[in-house]
2 protein chains.
Amino acid sequence: MAIIVNKEEKRRNIALSCTELLLDKGYSQLRVSEIAKTAGVGKGTVYDYFKNKEDVVFEIIRNLINEHQEDLKVHFKKNRTCKQKVLHLFDFYLCEHKDYSKHLIVYKEFMSVTLTTPAGDMHAFNHECTNFIRETLVDIIEDGIRSGEIREESLNFVDGIMCAERGFMLKGWTENINCRNEFKQYIDALFALIGNK
Amino acid sequence: MAIIVNKEEKRRNIALSCTELLLDKGYSQLRVSEIAKTAGVGKGTVYDYFKNKEDVVFEIIRNLINEHQEDLKVHFKKNRTCKQKVLHLFDFYLCEHKDYSKHLIVYKEFMSVTLTTPAGDMHAFNHECTNFIRETLVDIIEDGIRSGEIREESLNFVDGIMCAERGFMLKGWTENINCRNEFKQYIDALFALIGNK
DNA sequence: AATGAATGACCGACGGTCGGTCATTTGTTT
DNA sequence: AAACAAATGACCGACCGTCGGTCATTCATT
């Protein structure tokens, strides 16, 4: 035959080599010519592995988010209170064991592109991620109810908590601040109500 | 000595004439050449009144949002329960007296552009809008506490409610659904807790 | 009333940028 | 040397924003 490269792996490598570049420039200022240079390939080669620029960025994001979700699974076995688990689940901001600031920026880029794109792969992936988080949250809450830490009605707040976190994230992006404390205060206030006194 | 037009007014007119176009195409598919054609002016003229494409869209959005906030002020005098007021405050989705679906789409475009733009006028405007809503919400909650409808601690939920709404909005955008009911359920659940039995 | 100078409104051809394509070259296997 | 995968950068066209020039109106002067 001829040279056979591992398409999947090369695709991943090209994408990953541009992670910093994306963080630095942001989607709209990211140039395909720079992607190619950074990955050490020609511009045309980029298009042998990706449909378009958006596809490259999507790949970078998928990798980071999947990595984050694996982390979550691993660190979740540690026993904690229900409230601690909830805080940890959403602790994109500053985790004791890892810095997720990159993920936060990349996720912002992802959201901004997703909002400008008609329903497609990005929307579907976002949905998947949200479902993963939601299912995890439901587990946490159900555990908390079972252990008596929180009350039965707490399940009614699953979607509220999910969306509050999303909202705090959005606020952080638009106001260039870190909403970690605000989110914590919100959770404190909520748990004060749903907790079994 | 020459024709003097009302710059401010013409600027507004050009922008407003393109509202439907923006709703139809979305920011990224909006072409300056089409803006010009729709407004019935030459492309160069657009740039006599606006810094760039983003500026045009910003003007459209400012007008719609200001209009919405005026509406809010007017319709707020009707006496209602605290909970009804809260629902009304966030009822971008489907208001009994007006259809805000356009505003929702336009606000989505606004957010997506804001996320791709470094801090500037758009961020500042967004901040202003949020503050307006927040102050209104604080008034509502304080009224509710005063009237005995809800408990003292309810004030702790101001930011949570704000962000939950933002989050529901974001969810609606990314999943192409209307989150009105979900938001209502969230408010129901919350008021069941913060209400005086 | 007629003239023309001054000025601002208006315009579209053009330059530059950048995403995406494709004809060609390079290198490997058989 | 044939056959084919991989790599590439010159090229294309879409689109943004600029700029030099035109046109319409107003006003000063006659």
Side-chain angles (χ1 to χ4, degrees), chain A residues 1-18 21-22 24-61 109-110 112-118 120-122, chain B residues 1-18 21-22 24-61 109-110 112-118 120-122:
Chain A
M1 287 296 174
I3 325 160
I4 303 291
V5 304
N6 183 334
K7 288 259 183 190
E8 203 49 53
E9 191 184 325
K10 182 145 189 176
R11 186 182 149 94
R12 244 181 72 96
N13 287 339
I14 293 177
L16 286 183
S17 69
C18 295
L21 192 64
L22 173 63
D24 199 39
K25 303 291 180 101
Y27 181 80
S28 67
Q29 294 304 308
L30 187 65
R31 303 293 167 234
V32 176
S33 55
E34 289 210 65
I35 289 173
K37 204 191 296 174
T38 305
V41 299
K43 187 146 80 96
T45 308
V46 172
Y47 286 91
D48 286 339
Y49 292 88
F50 299 91
K51 207 157 74 354
N52 49 31
K53 188 176 106 170
E54 183 187 303
D55 196 22
V56 179
V57 172
F58 190 19
E59 181 71 25
I60 296 174
I61 278 146
E109 296 299 330
F110 175 60
S112 73
V113 179
T114 303
L115 288 180
T116 60
T117 308
D121 290 348
M122 302 188 100
Chain B
M1 282 293 249
I3 323 160
I4 302 293
V5 305
N6 183 335
K7 287 258 184 190
E8 204 49 51
E9 190 183 325
K10 180 141 193 179
R11 188 182 146 93
R12 245 180 72 93
N13 286 340
I14 293 177
L16 286 182
S17 70
C18 295
L21 192 64
L22 174 62
D24 198 40
K25 304 291 179 103
Y27 181 79
S28 67
Q29 294 304 308
L30 188 65
R31 304 293 168 233
V32 177
S33 56
E34 288 211 64
I35 290 173
K37 203 191 297 174
T38 304
V41 299
K43 188 147 80 91
T45 307
V46 173
Y47 286 91
D48 285 340
Y49 292 89
F50 300 91
K51 206 157 73 359
N52 49 31
K53 190 174 100 170
E54 182 188 304
D55 198 21
V56 179
V57 172
F58 189 21
E59 181 71 24
I60 296 174
I61 277 144
E109 296 300 329
F110 175 59
S112 72
V113 179
T114 303
L115 289 181
T116 60
T117 307
D121 290 348
M122 302 187 101

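Hydrogens, waters and symmetry mates play no part in the numbers below; they use all other heavy atoms, side chains included. Here the structure is a predicted model, which is why all the values come from computation and not from measurement. Proteins get letters first, then strands, A, B, ... in listed order; numbering begins at 1 in each.
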query: Just how far is it from atom CZ of B/Arg31 to atom OG1 of B/Thr38, taken to the nearest 0.5 Å?
result: 13.0 Å
Shortest non-hydrogen contact from B/Lys25 toward B/Gln29: O-CB, 3.3 Å
task: Compute the angle between the rotation axes at the two ends of the helix from C/dA1-D/dT30 to C/dT30-D/dA1, each taken over five pairs, rounded to 10 degrees.
output: 20°
- prompt: Between D/dC16 atom C1' and B/Asn52 atom CG, what is the distance in whole Å?
  reply: 9 Å
task: Send over the distance from B/Phe50 CZ to C/dC10 P, rounded to a whole Å.
output: 12 Å
- request: Starting at atom CD1 of B/Ile35, determine the distance to atom C1' of D/dA14, rounded to an integer number of angstrom.
  value: 16 Å
- prompt: How long is the line joining NZ of A/Lys37 and P of D/dT8, in whole Å?
  reply: 14 Å
task: Applying side-chain contact (heavy atoms from CB on, under 4.5 Å), run through A/Phe58 and A/Phe110 and close with a yes or a no.
output: CA-CA 7 Å; A/Phe58 190 19; A/Phe110 175 60; 4.0 Å; yes
message: As an exercise, state the distance from NZ of B/Lys10 to CG of B/Asp48, rounded to the nearest 0.5 Å.
response: 9.0 Å
message: If you count heavy atoms of other groups shown closer than 6.0 angstrom to CZ of B/Arg12, is the number above 12?
response: no
Residue A/Val41, side-chain atoms from C-beta onward, closest of C/dG8, D/dT8, D/dC16: D/dT8
Detail all sub-3.5 Å separations between protein N/O atoms and N/O atoms belonging to nucleotides 21-25 of chain C.
none

- request: Could you check which of D/dC15, C/dG20, D/dA6 has an atom nearest any side-chain atom of B/Arg31?
  value: D/dC15
statement: Separation of C/dA9 atom P from B/Arg11 atom CZ, nearest Å, is 15 Å
message: For A/Asn52, is the CG atom crowded, meaning more than 12 foreign heavy atoms sit under 6.0 Å from it?
response: yes
query: Where each residue is assigned the nucleotide of DNA chain C containing its nearest heavy atom, which of A/Ser33 and B/Lys10 is assigned the position nearer the 5′ end?
result: B/Lys10
Per A/Lys7 side chain, nearest of listed nucleotides C/dG19, D/dC16, D/dA6: D/dA6
- prompt: What's the verdict on side-chain contact (heavy atoms from CB on, under 4.5 Å) for B/Glu54 and B/Thr116, showing C-alpha distance, side-chain angles and the deciding distance?
  reply: CA-CA 11 Å; B/Glu54 182 188 304; B/Thr116 60; over 6 Å; no
query: Rounded to whole angstroms, how far apart are CD1 on B/Ile4 and C1' on C/dA6?
result: 12 Å
Whole-Å distance separating the CD atom of A/Glu34 from the C1' atom of C/dG20: 17 Å
query: Taking the side chain from B/Lys53 and the backbone from B/Leu30, do they hold a donor-acceptor pair closer than 3.5 Å?
result: yes
- prompt: Using a cut-off of 4.0 Å on non-hydrogen atoms, how would the nucleic acid contact of B/Leu30 be classed: base, sugar-phosphate, or nothing?
  reply: sugar-phosphate
- prompt: For the atom pair NZ (B/Lys37) and NZ (B/Lys43), what is the distance rounded to the nearest 0.5 Å?
  reply: 12.5 Å
query: Just how far, in rounded Å, is P of C/dC18 from OH of A/Tyr27?
result: 14 Å
- prompt: Taking for each residue the nucleotide of DNA chain C bearing the nearest heavy atom, is the 5' side occupied by A/Val32 or by B/Gly42?
  reply: B/Gly42
